A.B. asks: 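I'd like to ask you about the structure that follows.
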Amino acid sequence: MTPHMLTRSLDRGATIFLAIVAACGILIPLSNLLLPADSFLQVPTYLVALWGKYVCYAILALAIDLIWGYCGILSLGHGAFFALGGYAMGMYLMRQIGTRGVYGNPILPDFMVFLNWQKLPWYWYGFDMFWFAALMVLFVPGLLAFCFGWLAFRSRVTGVYLSIITQAMTYALLLAFFRNDFGFGGNNGLTDFKDILGFNVQAEGTRAALFALSCLALIVGFLICRAIVSSKLGKVLIAVRDAESRTRFLGYRVESYKLFVFTVSACMAGVAGALYVPQVGIINPSEFAPGNSIEAVIWVAVGGRGTLVGAALGAVVVNYAKTFFTSGVLAPYWLFMLGALFILVTLLLPKGIVGTFNAWWAQSKEKRAATSVSAAAEDGVTEPKMAE
Amino acid sequence: MNVMDTRATSAMLYLDGVHVSFDGFHAINNLSLTLEPGEMRAIIGPNGAGKTTMMDIITGKTKPDEGTVLFDGVTDLTRLDETRIAELGIGRKFQKPTVFESQTVQDNLLLALNVDHSVKATLFWRGSKAESERIDKVLETIRLTEARNRLAGSLSHGQKQWLEIGMLLAQDPKLLLVDEPVAGMTDVETHLTAELLKEINKTHTVMVVEHDMTFVRELGVKVTCLHEGTVLAEGTIDQVSSNERVIEVYLGR
Amino acid sequence: MPAHLSARLCSLALSLFLIAFALPAFAGPFEDAVAKFANDDFSDTEEAIGVVAGSGNKLAFPIISALQDGRLMADPDSKKVYVTGADGKSIDAATGEAVASVPDSASAVRLNNRLRRSVDAALGSLTLQSPDVGTRLQAAQSVFKSHEETALEAVDAALAKESNKSVKTALGEARAAILLFKSDATEVEKLEAVATLKARGDQDALALLTGMGDQPDSVTKAAASAISSIQSSLAVWSTVQNAWYGLSLGSVLLLAAIGLAITFGVMGVINMAHGEMVMLGAYTTFVVQEVIRTRYPGLFDYSLLIAVPLAFVVAGAIGVLIERSIIRFLYGRPLETLLATWGLSLVLQQAVRTMFGPTNREVGNPSWMSGAFELGQITITYNRLWILCFTLAVFAILLAMLRYTALGLEMRAVTQNRRMAASMGIATSRVDALTFGLGSGIAGIAGVALSQIDNVSPNLGQSYIIDSFMVVVFGGVGNLWGTLVGAFTLGIANKFLEPVAGAVLGKIAILVLIILFIQKRPRGLFALKGRAVEA
Ligand SMILES: Nc1ncnc2c1ncn2[C@@H]1O[C@H](COP(=O)(O)OP(=O)(O)OP(=O)(O)O)[C@@H](O)[C@H]1O
Ligand SMILES: [Mg+2]
């Protein structure tokens, strides 16, 4: 990223957002580690882990917003990229277990021993090294997105068709990962992790560090997204979203643009998944369930598509509500609420929380000053409009 | 791309024996037409004559069932897609004005500028002085300097037409296809548009589709009348409008 | 003897035992022979087996089968012999009278390998001549499988008396199987045996022929030709079988997808809650059956006929409600429609879960839908067959409806040009609601049929939604015939891939193929062309 891209991406909203995330990323781990346990301000470890999960979801939401909010690609399969990143990390964590597994096999993870496998399948090679696993976290989702996108965008599969085949993609992966002979632990997935880079994954310090890292990843991801959408490429993306074929007649190779953001977005989702796994301690095929991906889309819709801050905010708000409701007496009603959320947001709040706020802000500003109409456009907070 | 050894024709645009049918309906029938470099041609014809479809064929939106479409004497347009054709230097204004409604007027023009359109170039793009000067100039030409920061969606119908012409100017193509540029404009605006097109024609080859006969007369260029997907008559506006068959199709029998 | 067969024989033994119970016993050679079991001497036991088996006494079968299972208890002191049933009750083997308990001194009559074989043979011949046709057939088939030489006599004896045609064939085949493996059978006998097995022509015959070991040249040759002929006929049958499974799956897919073809294909509305409409139809069937079970048990066979219109009305009404309250605000925004209807599907699922519980509910097959029949080498179940017929009927009715009724005409008009239709006086919003209701109602009907072959649970719809979308997208949007062809193509392709790749991989392969197919033809097999589509 060149300096001019950085300065261009940092408008006021973005700066505030980054400041808040950075503050959380620093203060919460510190409070967890340094303050005495009975202190009022001490954040207990279970909350650090829970919030770390939210931050990972926020990264996933950013990834979805980048393609949906700015390019009109509604992927119902982003959970697949998230899960693939998670599996790559999970494979590293599995190999770190070493002889501490139930069967004590130094090479083979327990489930392979259980299945009577004699040697490690080739696609597990290299995952004992962190750098390799980290590379795969980006590479595997990225490659899948690239191949998938290349096929889909080149033949101009758009709109709901694309949504449906992305859903089919994650569904196919779900079926595949459920199989034992696929070599990823089948039904149970990968779990019982011991340590990461030599640190115990259960330890408070590790958890605090993972939380801080997740916040850092959110910041970096946000900056990348901002840099993309505030560049000329961002304008092209919006053009594609609003009038795809018109963009072609101006000489833009629309499929390359879509492929680019789709791949970037998939890599981001992969990173989110990779940070998620050590914090929740398990990755299993249910992460591929189509319902998960579509739920992630609703976070973005709630927060406001086409506003990156909104996507992150939506992820946190909805997941906070989920934790709150599913742990209380209201648990049986959570699905009603989630379902109603889908319906109400699309019907009544199509711009989402942040989008609506921005529109209101721009209006009142206009009234106050009645000077420039440019604010909305320069903030990059243009009204999302369906491409179809 | 299919580059032939020698120029097959001196024409800028050369259509020969083109056929298109949609589910059995023949929209274009044995259409042949040539446009010399630097020429401006007005295309008229009743509704459904196939004027827009012809532009669709030239710009790669619709693939003809048979026939030759050559650009600049060497390039077979039927084998290329819209992007490639636009890159070659064919710009188009749509019948229904299509601008990027959620972006500003200025950004619409920026998007249209004929600079490197690759992903990398747009990602690392930083505005240059030359670019903003060109945009300023176009804005002035299309009289939208005041509205440069307004969202294109908030423009009036006529302003959108102008913006689209402005986008053509920014694109600076070799061949301009202009579909019904004055629909929804006042007489004064129509006149200005005619002036503008004549100005553009000094440096570009232009094809204009229009129903407005005063406008066509004002352009004062060769006129081609299409009917049922084929050329009915060609010549000056007076020749064409006195052609019996043209009168017949316009008045209907 | 395979486990299920011995279980059957046990129950048979028990029923025979009950008959025997009523008969007066008489002293004679049978009783003497029975007493010999108490001698604990292998040759005496053998003799006893022979006499008992040949006695024609009703107790013979329970005794011998008890002997086989180690349930024949003999008291060496009193020379009394008892049969203990699987339920722990015992009878006196000689008289058939119930006894309170078997004396402690009694122990199970022991067998050695040789004896065991004669027990098998004796049992075989006993059951081979059982009065029940089913039992005889079972016995003949089990002899065929074991092809023990010792059973030959019993088979021959049974064959001589047998009058039922299918049992006779089975006995002939059993005989052939024995002869094929009998080392001292003549060449002629063996050739005949090969011919019989060839005529049988199934997997079992093939296994016998390939595993028969050293044989005279002529027999080996005959067997080789029999093998290849069986193999080719089996290949044909397995293709037919796959095709049938494919048709059956295709009909299920079609049924689930037709409603979608209307809402998505005709109206362009993505209804992610479509699967839930199917589920509602299935639960309607459940409720109907519950009511019938408790109030009018006699009507059970008509439960589906009652459920079909009800499911249509229930799902259709809910569909109209959904259209009026949600979808109509989202026309022209397909992605939003998708999200809202997904939310709706969550609500509907949870509502059903709250009302009916999260577990599977029992929906029964009426008598005319249960059972199966054989067609050559394949088995066709009635429920699958009926579903296929039902699907085609629904399809035909729908097609006719679209073509010949006023609503159909209006629907097509609105689809093709909404504004024009409106200006011609068609109440487009009414048509929208009815069209959506129609699509949902058909989904409800699909639920009735699917309740017969699938688990009725709140998740029922989820398992169909992706498949149905694939069918519609594959077949081409806006074209019912495309949906038909799409459903059957996918169904058949799936079933032909399954044996090669396994069920899950087959399914994955299909999904991947569709994804690739959409690359080639983004608008499906039978695509509509023209501006209407692009708009
Ligand atoms: N994609 C398409 N699918 C089906 N029919 C089409 C398609 N494109 C054009 N047509 C038909 O081809 C004919 C020619 O249409 P076209 O738009 O080229 O006419 P036009 O001369 O531009 O008319 P107008 O003056 O009204 O703009 C029309 O009858 C139109 O309905
Ligand atoms: Mg036209």
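Computed from a predicted model, the values in this text were never measured in an experiment. Every chain is numbered from 1, with letters handed out A, B, ... down the list of sequences.
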A.B. asks: Looking only at heavy atoms, which two atoms of A:S163 and C:L335 are closest? And how far apart?
C.D. replies: OG-CD2, 3.7 Å
A.B. asks: Between A:Y161 and chain C, which part of the residue has a heavy atom less than 4.5 Å away: side chain, backbone, both or neither?
C.D. replies: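 Answer is side chain: those atoms of A:Y161 sit under 4.5 Å from chain C.
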A.B. asks: Given that the side chain runs from C-beta out, which part of C:L344 has a heavy atom under 4.5 Å from chain A: side chain, backbone, both or neither?
C.D. replies: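 The answer is both parts of C:L344.
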A.B. asks: Tell me, out of A:L175, A:V297, A:I294, A:V157, who's got the most heavy-atom pairs with chain C below 4.5 Å.
C.D. replies: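 The residue among A:L175, A:V297, A:I294, A:V157 with the greatest pair count is A:I294.
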A.B. asks: Does a sphere of radius 6.0 Å around CZ in A:F324 hold more than 12 heavy atoms from other residues, nucleotides or ligands, not counting ones at 6.0 Å or beyond?
C.D. replies: no
A.B. asks: Is it true that atom CZ of A:F146 has more than 12 heavy atoms of other residues, nucleotides or ligands lying nearer than 6.0 Å?
C.D. replies: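 Incorrect, the count does not exceed 12.
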A.B. asks: Specify which of C:L330, C:L505, C:L348 makes the most heavy-atom pairs with chain A at under 4.5 Å.
C.D. replies: C:L505
A.B. asks: Under 4.5 Å between any side-chain heavy atoms of A:P290 and C:Q462, yes or no?
C.D. replies: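 Side-chain contact under 4.5 Å: no.
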A.B. asks: Can you establish whether the number of heavy atoms outside A:W150 located under 6.0 Å from its atom CH2 is more than 12?
C.D. replies: no
A.B. asks: Which residues satisfy the side chain to side chain donor-acceptor pair (under 3.5 Å) test with C:R430, sequence neighbours excluded?
C.D. replies: C:E410
A.B. asks: For each of A:V345, A:L151, A:L335, A:L173, tally heavy-atom pairs with chain C at distances under 4.5 Å, and name the one with the top tally.
C.D. replies: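 Result: the option with the highest number of such pairs is A:L151.
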A.B. asks: Take a 6.0 Å sphere around CZ of C:F329 and say whether it holds more than 12 heavy atoms from other residues, nucleotides or ligands.
C.D. replies: yes
A.B. asks: Distance-only, no hydrogens or angles: does the C:Q350 side chain make a donor-acceptor pair with backbone N or O of A:P332 under 3.5 Å?
C.D. replies: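 Confirmed, C:Q350 side chain pairs with A:P332 backbone.
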A.B. asks: Drop me the distance from A:F342's CZ to C:L338's CG, to the nearest 0.5 angstrom.
C.D. replies: 9.5 Å
A.B. asks: C:F264 and A:V160: side chain to side chain contact (heavy atoms under 4.5 Å, CB included), yes or no, with the steps?
C.D. replies: CA-CA 10 Å; C:F264 182 37; A:V160 288; 4.0 Å; yes
A.B. asks: Mind checking the CD-CZ spacing from A:Q167 to C:F469? Nearest 0.5 Å is all I need.
C.D. replies: 8.0 Å
A.B. asks: Please name the pair of heavy atoms, one in A:T346 and one in C:A340, separated by the smallest distance, quoted to 0.1 Å.
C.D. replies: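 For A:T346 versus C:A340, the nearest heavy atoms are OG1-CB, 3.4 Å.
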A.B. asks: Where on C:A351 is there a heavy atom nearer than 4.5 Å to chain A: the side chain, the backbone, both, or neither?
C.D. replies: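 Answer is both: backbone and side chain atoms of C:A351 are under 4.5 Å from chain A.
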A.B. asks: Determine the minimum heavy-atom distance between C:S325 and A:L347, stating which atoms define it.
C.D. replies: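 Shortest heavy-atom contact: O-CD1, 4.1 Å.
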A.B. asks: Would you say CZ of C:F496 has more than 12 non-hydrogen atoms from neighbouring residues, nucleotides or ligands within 6.0 angstrom?
C.D. replies: yes
A.B. asks: Looking at C:F488, I want to see if its CZ is surrounded by more than 12 non-hydrogen atoms of other residues, nucleotides or ligands under 6.0 Å.
C.D. replies: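 More than 12 heavy atoms, drawn from other residues, nucleotides or ligands, come within 6.0 Å of this atom.
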A.B. asks: Looking only at heavy atoms, which two atoms of A:A168 and C:M470 are closest? And how far apart?
C.D. replies: CB-CE, 3.3 Å
A.B. asks: What part of A:F178 lies closer than 4.5 angstrom to a heavy atom of chain C: side chain, backbone, both or neither?
C.D. replies: neither
A.B. asks: Look at C:T354, C:T337, C:L346 and state which one has the largest set of heavy-atom pairs under 4.5 Å with chain A.
C.D. replies: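 Most heavy-atom pairs under 4.5 Å with chain A: C:L346.
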A.B. asks: For each of C:I326, C:V512, C:D467, C:L516, tally heavy-atom pairs with chain A at distances under 4.5 Å, and name the one with the top tally.
C.D. replies: C:I326
A.B. asks: So how far is it from A:I165 CD1 to C:I514 CD1, rounded to the nearest 0.5 Å?
C.D. replies: 10.5 Å
A.B. asks: If I measure from the heavy atoms of chain C, does A:L76 come under 4.5 Å with its side chain, its backbone, both, or neither?
C.D. replies: side chain
